[in-house]
Amino acid sequence: MVVGVSKALIAVDVILLIVIVIWIGSTITQSIRRKRFAKVLEEDVFEDGMRKAQVIDLREKTDFDKGHILGARSVPYSMLKQRYVEIRKDLPVYLYDQGMTLSTRAASTLGKQGYKDISILKNGYARWSGKTKTKKY
């Protein structure tokens, strides 16, 4: 009985170790991708540069309608590959989502399409304290 329990604990430990290694690998990959294609901006720097940039909200439309950064345009990440041509290459692109995961993926997609001036809002919309707009129903 004790041998069976210890084998089960070893299996759980191995699975947990694999999950941790995958998570660390994913985090490192995202960080490398982010540094390759975009700059990460603190909220105040992001807000200062917004007037000269295209601010893109990558969250789904329902989340955008519940509240978004004033002046932002909705281009959900799920539609980015079909709609990236709507984003001008000659202007800075400021990306945000709830955190930074979708922004990192979007920066990679846009960077591969030739966009050069891409920035991501550090900590995303979840921690945004600037002006917002909500769609009225």
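Here the structure is a predicted model, which is why all the values come from computation and not from measurement.
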| query | Could you go step by step and tell me if Y125 and Q98 meet the side-chain hydrogen bond (donor to acceptor under 3.5 Å, both in side chains) rule? | reply | CA-CA 5 Å; Y125 186 73; Q98 199 62 24; over 6 Å; no
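- A distance of 12.0 Å separates NZ of K116 from CG of L110, quoted to the nearest 0.5 Å.
- At a threshold of 4.5 Å between side-chain heavy atoms, the hydrophobic network of Ile, Leu, Val, Met, Phe, Trp and Tyr places I28 and W23 in one connected group.
- Residues meeting the salt bridge (Lys or Arg N to Asp or Glu O under 4.0 Å) test with R83, sequence neighbours left out: E86.
- Linking ILVMFWY side-chain heavy atoms closer than 4.5 Å, directly or via other members, places I118 and V85 in a single hydrophobic cluster.
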Pairs of donor and acceptor atoms involving the side chains of residues 44-53, under 3.5 Å and at least two apart or interchain, shall be tabulated with distances.
{"residue": "R51", "atom": "NH2", "partner": "D48", "partner atom": "O", "Å": "3.4"}

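- Between atom CD of residue E60 and atom OG of residue S78 there is a gap of 3.5 Å, rounded to the nearest 0.5 Å.
- Residues D57 and V75 have side chains not in contact (no heavy-atom distance under 4.5 Å, counting atoms from C-beta outward).
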| task | Apply side chain to side chain contact (heavy atoms under 4.5 Å, CB included) to the pair R73 and I87, showing each step before the final yes or no. | result | CA-CA 10 Å; R73 170 169 49 146; I87 303 169; 4.2 Å; yes
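- Atoms CE and CG, from M100 and L95 in turn, are 11.0 Å apart once rounded to the nearest 0.5 Å.
- Under the side chain to side chain contact (heavy atoms under 4.5 Å, CB included) criterion, S26 pairs with no residue, sequence neighbours left out.
- Atoms CD1 and CD1, from I20 and I15 in turn, are 12.0 Å apart once rounded to the nearest 0.5 Å.
- A donor-acceptor pair is defined here as one N or O able to donate and one able to accept, closer than 3.5 Å; such a pair exists between the side chain of Y96 and the backbone of I69.
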| When you look at D117 and K89, which way does the salt bridge (Lys or Arg N to Asp or Glu O under 4.0 Å) test go after all the steps? | CA-CA 8 Å; D117 193 354; K89 289 184 180 180; over 6 Å; no
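- To the nearest 0.5 Å, atoms NZ (K133) and CG (D65) are separated by 10.5 Å.
- Contact detail for L80 and A106: the closest heavy-atom pair is CD2-CB, 3.5 Å.
- Stacking of R59 on the aromatic ring of Y77 is not recorded, the 6.0 Å distance cut-off and the 45° axial limit not both being met.
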| field | Residues Y115, F37; criterion side chain to side chain contact (heavy atoms under 4.5 Å, CB included); working and verdict | value | CA-CA 9 Å; Y115 291 81; F37 294 109; over 6 Å; no
| Test log, rule side chain to side chain contact (heavy atoms under 4.5 Å, CB included), inputs T104 and I120 | CA-CA 8 Å; T104 298; I120 296 171; 4.2 Å; yes
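- Residue I18 is grouped with residue I10 when hydrophobic side chains (ILVMFWY) are merged at heavy-atom distances under 4.5 angstrom, including chains of intermediate members.
- Across all non-hydrogen atoms, the minimal contact from F64 to A72 is CZ-O, 3.6 Å.
- A donor-acceptor distance shorter than 3.5 angstrom exists from the side chain of E43 to the backbone of G130, with no hydrogens or angles considered.
- Annotation: K122, atom NZ; neighbour count of heavy atoms from other residues, nucleotides and ligands within 6.0 Å does not exceed 12.
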| message | Run L121 and Y94 through side chain to side chain contact (heavy atoms under 4.5 Å, CB included) and show every step you take. | response | CA-CA 7 Å; L121 174 61; Y94 280 24; over 6 Å; no
| task | Mind running side-chain hydrogen bond (donor to acceptor under 3.5 Å, both in side chains) on D97 and S103 for me, showing each step along the way? | result | CA-CA 6 Å; D97 61 286; S103 297; 2.5 Å; yes
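- In terms of heavy atoms, K81 sits closest to Y84 at O-CD2, 3.4 Å.
- Distance CD1/I22 to OG1/T29: 11.5 Å, rounded to 0.5 Å.
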